[in-house]
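Below you'll find the structure, written out as structure tokens, and then a few comments.
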Amino acid sequence: MAALLAALSACGDPLVVIGDSPGIVRIVAGLPDQAGDSLDVRGTASQLDTPLGLAADADGVVYVADHRNQRVLAVASSGEIEALVDHGGRTEEPRLRGPDGLALDGGGLVLADPDGHRVWRLELATGTFEPIAGSGVRGTSSDTVDALEANLHTPTGVALGADGTVYFSEFGAHRVRRIEPDGTLVTIAGAGIAGFSGDGGPATLARMLRPAGLAVANGILYIADSGNHRIRAVDLETSIISSVVGQGVGGFGGDGGPADEAKLDTPLAVAVSSDGGLLFIADSDNQRVRVVSMETVTIWTFAGTGDENFNGDLLPAGETALKEPRGLAVSPLDLLYISDTGHHIVRRTAVTFVTAP
């Protein structure tokens, strides 16, 4: 069966109903090492410029934050690509300046705009595109302020809770916020002071350093605490924070061992498998995607060789060279999407049956 799937996946962009061969990585959008803004009918014939955040749905559509082109793209399972939002070259306000983190909330797409200091929402059915947090002025507004009137500092990652709550990281303010049902902001992690402290205590008293990507699974908020080279976790019921991956020293090491003893280097994104059993990490400056088994709490390299030079398509994940991977998403179909940011492409691989080596 694996051989059949591999053969089928080599014949152009596949149908998701058949699926990709587990562990084989394919390009779904962008031309390798060709930054640009041209859109063809197909994603693999189009140019991206610094793809960052990703989100993926059950229909096989992946949404891409095409950062420097100031646009949001959708790539269908058939391989066709379209721009859902394109503010490149626009001068009127408000506008999308440089999208990063993405998250689906059912009928819409929530996205962080660190360059514009806003969080936006796109209604997919109507195309309505409006800010939901941020005045557009960089700053550090306190809690209980109306989200749309708040000054934010480079919101970078977004995630949706099971109840639809929007969480976002403020990369430059060293904290994570939540938008309340009444439209006000609440800090749920980070004291707003750069540094590292607080594990085992209230998340709002902890210090973080440039928090980036977020993911929510099983009542836990995972935070890529990039400057501390760790993945932090906040129990959303108790509000207690802990470090779950990384020892806080930038570098590479620890594959095959306990996740909290491993070395990461500037992790910028996290994603959780649909069953909650695997935590994927964009270990950006190590040019790798790492993965942690939530059952055994061990870590290993899932994709990337550590060499940033592009070496082809349709290779096993462990043999595929990545360059500054900065975006991850796992679809309900158990397809992992990777923003191979430095190569200006988006890749995909099936993660069904992934087990520790």
Side-chain angles (χ1 to χ4, degrees), residues 13 16 27-31 35-134 136 155-160 164 166 168 213-214 269 271 326-333 335 337-341 344-348:
D13 293 333
V16 171
I27 299 169
V28 296
L31 296 170
D37 63 358
S38 66
L39 283 187
D40 198 279
V41 174
R42 304 189 72 75
T44 50
S46 302
Q47 290 180 313
L48 312 180
D49 194 342
T50 316
L52 296 179
L54 302 170
D57 67 20
D59 294 323
V61 178
V62 60
Y63 302 90
V64 182
D66 192 6
H67 179 74
R68 289 187 178 171
N69 285 323
Q70 300 175 296
R71 64 189 182 187
V72 178
L73 307 173
V75 185
S77 61
S78 63
E80 295 181 355
I81 191 170
E82 64 174 322
L84 302 181
V85 179
D86 188 350
H87 286 186
R90 280 183 49 177
T91 57
E92 62 266 30
E93 297 287 349
R95 67 185 179 97
L96 184 65
R97 293 186 177 273
D100 195 333
L102 303 181
L104 287 163
D105 70 355
L109 187 67
V110 178
L111 56 146
D113 184 7
D115 292 0
H117 309 291
R118 282 187 166 105
V119 179
W120 301 77
R121 184 179 185 275
L122 169 67
E123 181 66 36
L124 293 172
T126 64
T128 302
F129 185 67
E130 296 177 335
I132 58 173
T156 298
V158 291
L160 273 293
V166 175
F168 65 90
L214 305 176
R326 294 180 60 181
L328 297 173
V330 179
S331 78
L333 302 168
L335 296 171
Y337 294 86
I338 304 168
S339 279
D340 191 352
T341 303
H344 305 287
I345 55 178
V346 176
R347 300 182 186 259
R348 181 183 72 206

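Fair warning: this is a prediction, and the values are worked out from it, not measured in the lab.
The two residues Val330 and Ala271 make their nearest non-hydrogen contact at CG2-CB, 4.0 Å. Contact record, Ala56 with Ala329: N-CB, 4.2 Å, taken as the closest heavy-atom pair. The two residues Ala269 and Arg326 have their closest heavy-atom pair at CB-O, 3.7 Å. Across every non-hydrogen atom of Ala45 and Asp40, the tightest pair is O-CB, 3.5 Å. Looking at every heavy atom in both residues, Leu214 comes nearest to Ala159 through CB-CB, 3.8 Å. In terms of heavy-atom proximity, Ala35 sits nearest to Gln47 at O-NE2, 4.2 Å.
Remark: the backbone N or O of Gly60 is paired with a side-chain donor or acceptor of Asp57 at under 3.5 angstrom. Remark: the backbone N or O of Asp100 is not paired with any side-chain donor or acceptor of His67 at under 3.5 angstrom. Side-chain atoms of Arg71 come within 3.5 Å of backbone atoms of Asp37 as a donor-acceptor pair (strictly under, hydrogens ignored). Between the side chain of Ser339 and the backbone N or O of Thr341 there is no donor-acceptor pair closer than 3.5 Å.
Between Leu124 and Tyr63, the closest side-chain pair of non-hydrogen atoms falls below 4.5 Å. Looking at heavy atoms from C-beta onward, Asp66 lies out of side-chain contact with Val72 at the 4.5 angstrom threshold. Between His344 and Thr50, some side-chain heavy-atom pair lies under the 4.5 Å cut-off. The shortest side-chain heavy-atom distance between Leu111 and Val85 does not fall under the 4.5 Å cut-off.
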Please evaluate residues Leu52 and Thr156 with respect to the criterion side-chain contact (heavy atoms from CB on, under 4.5 Å), reporting the C-alpha separation (whole Å), side-chain torsions for both, the decisive distance (0.1 Å), and the verdict. CA-CA 10 Å; Leu52 296 179; Thr156 298; over 6 Å; no
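Each of Leu109, Leu160, Val61, Val110 was evaluated against Leu104; a single residue qualifies, Leu109, per the side-chain contact (heavy atoms from CB on, under 4.5 Å) test.
For the atom pair CG (Asn69) and CG (Leu48), the distance works out to 7.5 Å, reported to the nearest 0.5 Å. For the atom pair CD of Glu130 and CG of Leu122, the computed distance is 10.5 Å after rounding to the nearest 0.5 Å. Atom CG of Asp49 and atom CD of Gln70 lie 10.5 Å apart (nearest 0.5 Å). Atom CD1 of Ile338 is separated from atom CG of Leu328 by 6.5 Å, given to the nearest 0.5 angstrom. Put simply, CZ on Phe129 and CZ on Arg95 are 11.5 Å apart, with the number rounded to the nearest 0.5 Å. The CG atom of Leu54 sits 7.0 Å away from atom CG of Leu102, with the distance rounded to the nearest 0.5 Å.
Within the structure, salt bridge (Lys or Arg N to Asp or Glu O under 4.0 Å) contacts touching residues 101-116 (residues at least two apart or in different chains) are Asp105-Arg121.
In this structure, the side chain to side chain contact (heavy atoms under 4.5 Å, CB included) partners of Ala83, at least two apart in sequence or on a different chain, are Leu39, Leu73, Asp86.
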